[in-house]
Every structure is written in structure tokens, then in C-alpha cells.
Amino acid sequence: MAETSKESRDLPITVGDLHKSFGEQTVLNGINFQVERGETLAVLGRSGTGKSVLLKLLIGLRPADSGSIRIFGHEITSSDVKQLNEIRKKIGFLFQQAALYDSMTVEQNVAFPLSRHAALPENERKQRVRDLLAGVGMDGHLDKLPSQISGGMQKRVGLARALALEPEIVLFDEPTAGLDPITSTEIGKLILELKEKRKMTAIVVTHDISTAKLFSDRLLLLHEGNIRIEGTFDDLQKSQDELVAQFLGESS
């Protein structure tokens with residue numbers, strides 16, 4: 001294996017010639033991109049374009065067919081389970097449906113990763129959980145079950161849990177899916193606020209371009225397994241590509 005360059009080690013995420021298919025369906029057809037420290041990249045595309053699959057590949061939940069995925073220089077595609085688990089500690093993941101444990105309270109859900117992976121005294125753990133929930137505006141709902149709070153509130157709790165181990169990278173899978181426009185905007189502003197406070201590196205998979213432009217430094221549009229365009233929101237708006245214009249029009 002070639003020695004990893006210092007530049008590659010410094011980059012949170014480097015993806016090279018990444019391929020993934022399911023049977024006859026090509027989902028990713030040799031895509032390449034990088035994410036800089038402190039940068040938020042929005043990955044756009046219609047349903048079924050491989051956006052969520054990409055996130056699962058990045059944390060080793062699915063194997064790539066070929067290509068390279070490096071997290072701070074560590075090659076994911078050839079890592080064993082032990083190595084993957086170490087790398088995953090650097091990554092927070094907000095699932096599309098928040099994925100909270102139904103039988104646990106809000107407080108217990110956020111405490112779960114801390115109890116498993118952080119050797120903290122109970123009083124420190126409780127304080128960390130309350131600080132995390134306060135950071136997403138949910139400190140007044142500690143004892144509620146997920147079924148007792150709204151979908152937007154569940155996303156906030158899921159985000160607090162994703163941040164529990166102070167990850168260097170956070171991956172968001174459709175953070176505004178199923179939410180009304182006002183709540184979607186609130187979630188978008190919360191991501192922007194956390195980005196500015198924590199200087200976190202993030203990839204946000206979304207079809208919601210109006211929210212994405214609130215928090216993203218750069219956007220890329222996936223289409224038929226390829227990156228159709230990559231750049232700032234202004235770059236997308238100025239594009240002469242009919243498909244890009246159509247996507248912006250549908251999403252506005």
C-alpha cells in the first residue's frame with residue numbers, strides 16, 4: 001500500500017474513483033471528491049441516486065465495489081472491524097429517521113454512546129448530556145420518550161446523540177425529510193450554528209436545496225452515478241446545464 005501523504009492525512013474525507021452497484025443498477029460510477037476541515041458539503045440528488053448509500057460506504061456499513069475512501073488518511077475500504085470501530089469514533093451520524101431507542105428517554109438516548117465509549121463519572125456524563133441537549137434546544141424534554149415528541153424534536157435529539165463523543169466529522173442523512181418548511185429551516189439553522197461553534201466537518205445528504213444553501217460551503221449533485229456538478233450555490237445557479245437548472249427549479 002502506498003504511503004499516505006501528509007495532505008491526505010490532514011483531509012477529513014477523500015473519496016477516489018468510488019464504485020457501487022446493486023446487481024444491474026449502478027449507484028456510484030467512479031466518483032471523486034474531498035472535504036476540507038470545517039467544511040460542510042451538501043450532497044444533492046433525486047431519490048435513488050445513491051446519496052444515502054454514499055454515507056453508508058463512508059463509515060463502512062456497506063462495502064464499496066472498488067475505489068478509495070480515506071478518513072484522515074485511513075483507508076476505510078481495506079480496514080478490519082477493529083480499525084473501522086476506531087475510525088467511527090471520529091464520526092457522528094444522524095440517521096434519516098433519527099433512529100432513537102423507543103424504550104429510552106431523551107436523556108438516556110443521548111447518554112447511550114457516552115456510557116459505551118467514554119469512561120466518565122456519572123455526574124459528568126449527566127452534565128454532558130444536558131449540555132448537548134441544551135445545545136439543540138431540547139434540555140426541557142429529558143424525561144420524555146421519543147413517541148412523546150415531534151419529528152423535528154426527534155431529529156434534534158438524534159443530533160445531540162451524534163455529537164456526544166465530540167466527533168470530528170458529522171454525517172447527516174436527509175435531516176429535514178418529513179418536516180414542515182418552518183421546522184426544516186430551524187434544523188438548517190441549527191446545523192449552521194453547530195458548524196460555526198464546533199468548526200465541524202460535515203456531509204449533509206439532502207434533496208432540500210433551500211435548506212442546504214443555509215449551511216453548505218459547497219454542493220455536489222449526483223445523477224446516474226456521477227457527479228453532475230460541484231461548487232457553491234452560486235456556481236449551481238449560474239450553470240447552463242439543463243438538468244441542474246431543472247433540479248434547482250424543482251427544489252425551490
Decide side-chain contact (heavy atoms from CB on, under 4.5 Å) for N32 and V15; before the verdict, give the C-alpha distance in whole Å, the side-chain angles of both, and the deciding distance to 0.1 Å. CA-CA 5 Å; N32 299 274; V15 171; 6.0 Å; no
Would you mind checking if E107 and R130 are paired as a salt bridge, meaning a charged N to carboxylate O distance below 4.0 Å? yes
Should the pair K90 and F72 be classed as cation-pi, given the thresholds of under 6.0 Å to the six-membered ring centre and 45° from the axis? yes
Distance-only, no hydrogens or angles: does the K195 side chain make a donor-acceptor pair with backbone N or O of G38 under 3.5 Å? yes
Please confirm whether the backbone N or O of A177 pairs with a side-chain atom of K155, one donor and one acceptor, at under 3.5 Å? yes
Does some side-chain heavy atom of L41 sit less than 4.5 Å from a side-chain heavy atom of I13? no
Shared ILVMFWY cluster between I59 and F112, side chains joined below 4.5 angstrom? no
Taking every heavy atom of G158 against every heavy atom of L94, the minimum-distance pair comes out as C-CD1, 3.4 Å
Under a 4.5 Å cut-off applied to non-hydrogen side-chain atoms, are L194 and M200 in contact? yes
Using side-chain contact (heavy atoms from CB on, under 4.5 Å), reason through N85 and R88 one step at a time and then give a plain yes or no. CA-CA 5 Å; N85 285 337; R88 284 170 181 158; 3.2 Å; yes
Quick one, T40 and L192 - any side-chain contact, counting heavy atoms below 4.5 Å? no
Between D17 (side chain) and G67 (backbone), is there a donor-acceptor pair under 3.5 Å? no
Side chain of R228, backbone of G45: donor and acceptor closer than 3.5 Å? no
Within the side chain of K20, is there an N or O that forms a donor-acceptor pair under 3.5 Å with the backbone of P63? yes
Are the charged groups of R198 and E166 less than 4.0 angstrom apart, N to O? no
With sequence neighbours excluded, tell me which residues meet side-chain hydrogen bond (donor to acceptor under 3.5 Å, both in side chains) with E36. none
Donor-acceptor pair, E86 side chain versus Q83 backbone, under 3.5 Å? no
Would you check if F247 and I229 make a side-chain contact, meaning some heavy-atom pair closer than 4.5 Å? no
Examine the side chains of T201 and E168 and answer whether a donor and an acceptor come within less than 3.5 Å of each other. no
Test your reading of the model: is there a side-chain donor-acceptor pair from T105 to the backbone of Q108, 3.5 Å cut-off? yes
If we count only N and O atoms by modelled type, under 3.5 Å, do the side chains of N123 and Q127 hold a donor and an acceptor together? no
Test L190 against F215 for side-chain contact (heavy atoms from CB on, under 4.5 Å), laying out the working first. CA-CA 9 Å; L190 179 58; F215 55 72; over 6 Å; no
By side-chain hydrogen bond (donor to acceptor under 3.5 Å, both in side chains) - contacts of K197 (at least two apart): E193
Any link between L84 and I69 through a network of hydrophobic side chains (Ile, Leu, Val, Met, Phe, Trp, Tyr) touching at under 4.5 Å? yes
Should V110 and M104 be regarded as members of a common hydrophobic cluster, given that ILVMFWY residues are connected when their side-chain heavy atoms come within less than 4.5 Å of each other, either directly or indirectly? no
Does any N or O in the side chain of N109 come within less than 3.5 Å of the main-chain N or O of Y101, such that one atom is a donor and the other an acceptor? yes
Identify the two heavy atoms, one from T211 and one from G188, that lie closest to each other, and give their separation to 0.1 Å. CG2-CA, 3.6 Å
Kindly give the heavy-atom pair with the smallest separation between P146 and L100, and that separation in Å. CG-CB, 3.9 Å
Counting only N and O atoms by type, is there a donor-acceptor contact under 3.5 Å from the side chain of D217 to the main-chain atoms of E39? no
Is M138 linked to L165 within one hydrophobic cluster, defined over Ile, Leu, Val, Met, Phe, Trp and Tyr using a side-chain heavy-atom separation of less than 4.5 Å? yes
Linking I/L/V/M/F/W/Y whenever their side-chain heavy atoms sit closer than 4.5 Å, directly or via other members, would L145 and V129 fall into one cluster? no
One pair to check against side-chain contact (heavy atoms from CB on, under 4.5 Å): I187 and R156. What are the steps and the verdict? CA-CA 8 Å; I187 295 292; R156 289 172 179 268; 4.0 Å; yes
Just to verify, which of V43, L220, I31, D235 counts as forming a side chain to side chain contact (heavy atoms under 4.5 Å, CB included) with E230? L220
Look at the side chain of K213 and the backbone N and O of T232, then say whether any donor-acceptor pair between them is shorter than 3.5 Å. no
Between R161 and P113, is any pair of side-chain heavy atoms under 4.5 Å apart? yes
